[in-house]
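The basis for the numbers below is simple: all heavy atoms, side chains too, and nothing from hydrogens, waters or symmetry mates. Values in this document were obtained by computation on a predicted structure and should not be read as measured data. Start at 1 with the first residue, then count along the sequence.
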Amino acid sequence: MGLPVVLMPGPMHPAVAARLDGHCELIRLWEESDPDAVLAARRDEIVAVATGGSLIDGAFLDRLPAVRIVASFGVGYDRIDAAAAAERGVVVTNTPGVLDDEVADTALGLLLMTVRELPQAERYLRAGKWQEDGAYPLTKATMHGRRMGILGLGRIGQAIADRVAPFGISVAYHNRRRKDVGYRYYPSLLDMARDVDTLMIVIPGGDSTRHLVNAEILAALGPDGIVINVARGSVVDEQALVDALRDGTILAAGLDVFEHEPKVHPDLLTLPNAVLLPHVGSATIPTRNAMAGLVVENLTNWFAYNAPLTPVPESIPLTT
């Protein structure tokens with residue numbers, strides 16, 4: 001029997017292909033002159049898919065009836081229809097754990113940047129205004145004593161909560177279910193938004209969370225409110241956020257993700273109270289290498305033992 005055949009629909013971190021060498025036959029679909037012909041010819045041979053963000057839905061899987069695992073690079077997997085995969089007996093895996101600290105560090109940095117207006121202050125200095133106009137204006141907000149509501153208290157959310165404690169920031173959270181933690185739980189996101197002044201978004205994307213943070217939630221957060229999003233841009237109604245920043249409904253926002261990235265809402269680029277990063281939450285060489293390694297381990301464990309390491313929740317019944 002030959003090596004298992006793995007399909008890579010689009011470019012991924014080069015370490016994935018390098019580490020798969022010798023474990024499988026890898027089809028780099030984007031390099032093929034006729035991808036549809038390749039899929040048709042190899043449909044009964046391709047047993048796995050490795051993806052870094054390609055759309056994997058039911059229609060795609062129906063073209064590949066032999067596929068039994070989709071290994072995704074990243075924690076979020078909203079480009080994969082995991083429910084459709086489960087219906088077809090296909091396991092989906094992601095890469096949790098290895099990037100938690102990196103994203104939590106980015107979230108804390110973004111919070112500091114937004115609260116203390118650090119990017120704005122740096123631009124003030126670079127423009128020569130410190131010398132010409134005097135000291136940068138005092139910021140309206142401070143880190144200490146803020147009340148944070150975490151939307152999505154998973155691994156990354158917990159890591160963020162641990163990091164903000166030394167600043168004297170109180171933590172509450174909203175999940176679908178209460179967790180066994182010492183933070184206050186809010187069954188209602190709206191109620192939590194009314195009681196906090198900092199909304200930290202760490203919830204997965206997808207249809208079920210699209211525009212969960214809307215105009216009503218932003219209004220409830222109030223004029224001292226700050227929104228930080230290191231999750232998925234689709235969770236926030238971006239136009240409602242622009243309006244809230246412009247008219248003072250909330251104080252500021254720090255964003256590492258956007259609704260239509262890499263395209264950014266043009267009004268966000270002009271708003272002085274928005275701190276914007278180009279989706280760099282986990283973007284360090286060590287962390288991306290660790291993520292690549294976990295993609296490969298999920299595949300090789302599946303090939304050897306029929307047991308992936310990190311199946312997503314929709315796939316857990318398939319692996320128990």
Side-chain angles (χ1 to χ4, degrees), residues 103-127 129 135-152 156-157 160-161 163-164 167-174 189-190 192-203 211-259 261 264-281:
V103 176
D105 290 346
T106 301
L108 180 60
L110 188 54
L111 177 63
L112 277 163
M113 292 165 69
T114 304
V115 170
R116 292 301 314 280
E117 300 179 12
L118 299 183
Q120 297 93 319
E122 187 198 28
R123 291 195 294 270
Y124 186 89
L125 179 150
R126 288 181 181 276
K129 292 185 177 181
Y136 183 79
L138 301 179
T139 56
K140 298 176 182 177
T142 181
M143 287 282 285
H144 297 270
R146 294 195 71 82
R147 293 167 286 118
M148 178 180 289
I150 299 179
L151 175 54
I156 296 173
I160 293 170
R163 282 159 171 74
V164 302
F167 291 92
I169 295 176
S170 64
V171 172
Y173 72 102
H174 169 72
L189 174 58
L190 183 60
M192 184 176 77
R194 292 189 180 112
D195 287 351
V196 302
D197 56 23
T198 306
L199 182 61
M200 176 67 68
I201 303 171
V202 209
I203 201 169
H211 288 187
L212 193 60
V213 177
N214 54 25
E216 183 181 26
I217 299 299
L218 296 170
L221 197 58
D224 293 324
I226 288 176
V227 172
I228 305 293
N229 191 2
V230 292
R232 284 292 184 266
S234 60
V235 177
V236 178
D237 182 337
E238 206 161 84
Q239 185 58 56
L241 179 63
V242 165
D243 294 340
L245 289 168
R246 183 186 291 123
D247 63 22
T249 298
I250 64 171
L251 181 63
L255 309 173
D256 186 42
V257 291
F258 303 89
E259 192 166 0
E261 62 183 57
V264 177
H265 193 300
D267 290 346
L268 282 173
L269 299 173
T270 66
L271 288 168
N273 52 347
V275 176
L276 313 175
L277 300 178
H279 203 154
V280 296

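Listed by first then second residue, pairs satisfying salt bridge (Lys or Arg N to Asp or Glu O under 4.0 Å) with a partner in residues 242-258 read Asp243-Arg246, Arg246-Asp267, not counting sequence neighbours. Judged as a salt bridge (Lys or Arg N to Asp or Glu O under 4.0 Å), the pairs with a partner in residues 226-236 (not counting sequence neighbours) are, in order, Asp78-Arg232.
Considering all non-hydrogen atoms of both residues, His211 and Val236 come closest at CD2-O, 3.5 Å. Heavy-atom minimum distance, Thr114 versus Ile228: OG1-CD1, 3.8 Å.
With sequence neighbours left out, Tyr136 forms a side-chain hydrogen bond (donor to acceptor under 3.5 Å, both in side chains) with Glu117. Every residue two or more places apart in sequence or in another chain that forms a side chain to side chain contact (heavy atoms under 4.5 Å, CB included) with Ala240 is listed here: Ala215, Leu218, Asp237. Annotation: salt bridge (Lys or Arg N to Asp or Glu O under 4.0 Å) contacts of Asp224 (sequence neighbours excluded): none. Contacts of Glu122 classified as salt bridge (Lys or Arg N to Asp or Glu O under 4.0 Å), with partners at least two apart in sequence or in another chain: Arg126.
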For this session: Tell me, with the steps shown, if Met143 and Val164 meet side-chain contact (heavy atoms from CB on, under 4.5 Å).
Result: CA-CA 9 Å; Met143 287 282 285; Val164 302; 5.6 Å; no
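Residues Ile201 and Val227 meet the side-chain proximity criterion, which asks for heavy atoms closer than 4.5 Å. Side chains of Lys129 and Arg123 form no contact here, defined as non-hydrogen atoms less than 4.5 Å apart. Proximity of Ile250 to Ile226: side-chain heavy atoms (C-beta onward) are nowhere separated by under 4.5 Å.
Under the 3.5 Å distance criterion, the side-chain polar atoms of Glu238 are left unmatched by any main-chain donor or acceptor of Phe258.
How far CZ of Arg194 is from CD1 of Ile217: 8.0 Å, rounded to the nearest 0.5 Å.
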